[in-house]
Amino acid sequence: MRLLFFVIFCAEICQALASERIQLERTPNGGIQPQAAVGTDGELHLIYFKGEAKGGNIFYVRRSLAEQKLSEPIRVNSVSNSAVAMGTVRGAQAALGSNGHIHVLWNGNAEVHNSTHQGPPLWYARLSDAGNVFEPQRDLISRAGGLDGGSSIAADEHDNVYAMWHGSLPDNSQGEAGRAVFISRSSNGGKTFAPEQAAVTNKTGACGCCGMRAMADATGNVFALYRGASEKIDRSEILLVSGNHGETFSVANEHPWKIPACPMSTATMASSNGKTVAAWETEGKIFFAAINSKTSTLSKLQSPAGLEKQKHPSVAMNKKGEILVAWTEGTGWGRGGSLAWQIFNAEGNPTEEKGRAHGVPAWSLISCVAKGDGTFLIVY
């Protein structure tokens, strides 16, 4: 018995030491589905969902380096209870653009009255120049409706904002195989958006209730990760890359997964110091790789070890090039679970810095960011 106690005690000590560079923080105000970002000034920006899963609200908070407490929350959506959390994959996403502007995109929970498209709305709102209120929300879909799981937003320091989602044109008769990824671009910091266009002509399809992720780097590259559905059992994770500010895209990588159902997965990306890392789920495991911005090729795929089925990844990179990969385990439809993480060095090799924690709520996921001192923050 004493030996068993000693082994458990040592394991807990080792776990604590391995996690000393990881700060865990609960989503504020009992919220779920956190999405965090850190600006070049070190300020933390965070959105989260609160309310009924079928219809709730999105809130925004911030915290500067000099402050210990988060700011008072600002509601993002101007129409009350117009956001959904059910399914996890439909949660709001945020992008940090030029001049500290926060851009937020989320799936609506109802048909738009007098709209020109099928299906629910895709709402967008941006933080006002004064920084104390969000402008009235707008539906960005004009014709490619049928919104289900996937939508994402990216922004850069040159006033470019990219809203992306997968949907269907009115004449689609092929179901998921006829879905496509669409992009609506803004060149004036989100004041106006051009009508959406298909990102690629490739007939990849799109898995209806799987999430997606968009990312823009400082050099004009725009990336998008989503799950295809060219055939009923072909659910490959697809990476799109654009080298011209989202004008055209090409398929850079496909990670195959044969499954006769929608896995309701999400994907993630992070960019730092000219390097972009993407992570996604395949066959119940999390995979990640670095993207070469010049050749659009991926590094060797890595997969952290887990104890249970892995879902909903989040990644972050610090200035040293170290990569934090975090994910959930045990989560499912209406069911919460645990979070797990591991740090990989700048060469992409796993380190012994890893850990787990319980308490991810139902319908939620996690979000991690790198701080200026080389440590990491995971919000859950």
Between atom [atom1] of [X] and atom [atom2] of [Y], what is the distance when rounded to the nearest 0.5 Å?
X	Y	atom1	atom2	result
F182	S151	CZ	OG	14.0 Å
L324	T375	CG	OG1	10.5 Å
L339	T331	CG	OG1	10.5 Å
Q302	I286	CD	CD1	14.0 Å
L301	N253	CG	CG	7.0 Å
I47	Q35	CD1	CD	5.5 Å

Do [X] and [Y] have side chains that approach each other closer than 4.5 Å (heavy atoms only, starting at C-beta)?
X	Y	result
S168	Q118	yes
P34	S364	yes
V325	W341	no

Aromatic centroids of [Y] and [X] separated by under 6.0 Å:
X	Y	answer
Y124	F193	yes
F59	F49	no
H312	W327	no
W363	W333	yes

Open item on the list: Please evaluate residues K300 and E347 with respect to the criterion salt bridge (Lys or Arg N to Asp or Glu O under 4.0 Å), reporting the C-alpha separation (whole Å), side-chain torsions for both, the decisive distance (0.1 Å), and the verdict.
Closed with: CA-CA 10 Å; K300 178 183 176 182; E347 288 71 41; over 6 Å; no
Under a 3.5 Å threshold, yes or no: a donor from one side chain and an acceptor from the other, between [X] and [Y]?
X	Y	result
N188	T192	yes
R227	S236	no
D159	S98	yes
H166	R179	yes
N57	N77	yes
K203	Q174	no
E196	S142	yes
N202	T204	no
Q137	S82	yes
H245	N221	no
Q93	S152	yes

Open item on the list: I'd like to know whether F344 forms a ring pair (Phe, Tyr, Trp, His ring centres under 6.0 Å) with F288, so could you lay out the CA-CA distance, the side-chain angles of the two residues, the decisive distance to 0.1 Å, and finally the verdict.
Closed with: CA-CA 11 Å; F344 290 73; F288 75 96; 4.7 Å; yes
- [ ] State which residue, out of E329, E308, H358, fulfils the side-chain hydrogen bond (donor to acceptor under 3.5 Å, both in side chains) condition with S338.
- [x] H358
Lys/Arg-Asp/Glu bridge criterion (N-O < 4.0 Å) met for [X], [Y]:
X	Y	answer
R90	D148	yes
E283	K258	no
R21	E322	yes

Task: K371 atom NZ: more than 12 heavy-atom contacts under 6.0 Å - done: yes
Open item on the list: Once salt bridge (Lys or Arg N to Asp or Glu O under 4.0 Å) is applied, what residue pairs with a partner in residues 37-46 remain, sequence neighbours excluded?
Closed with: E43-R62
Task: side chain to side chain contact (heavy atoms under 4.5 Å, CB included) assessment of L365 paired with V360 - done: CA-CA 7 Å; L365 34 68; V360 177; 5.9 Å; no
- [ ] Just say parallel, tilted or perpendicular for the rings of W106 and W123, cut-offs at 30° and 60°.
- [x] tilted
TODO: Say whether, by atom type as modelled, one donor and one acceptor occur between the side chain of T351 and the main chain of I343 under 3.5 angstrom.
DONE: yes
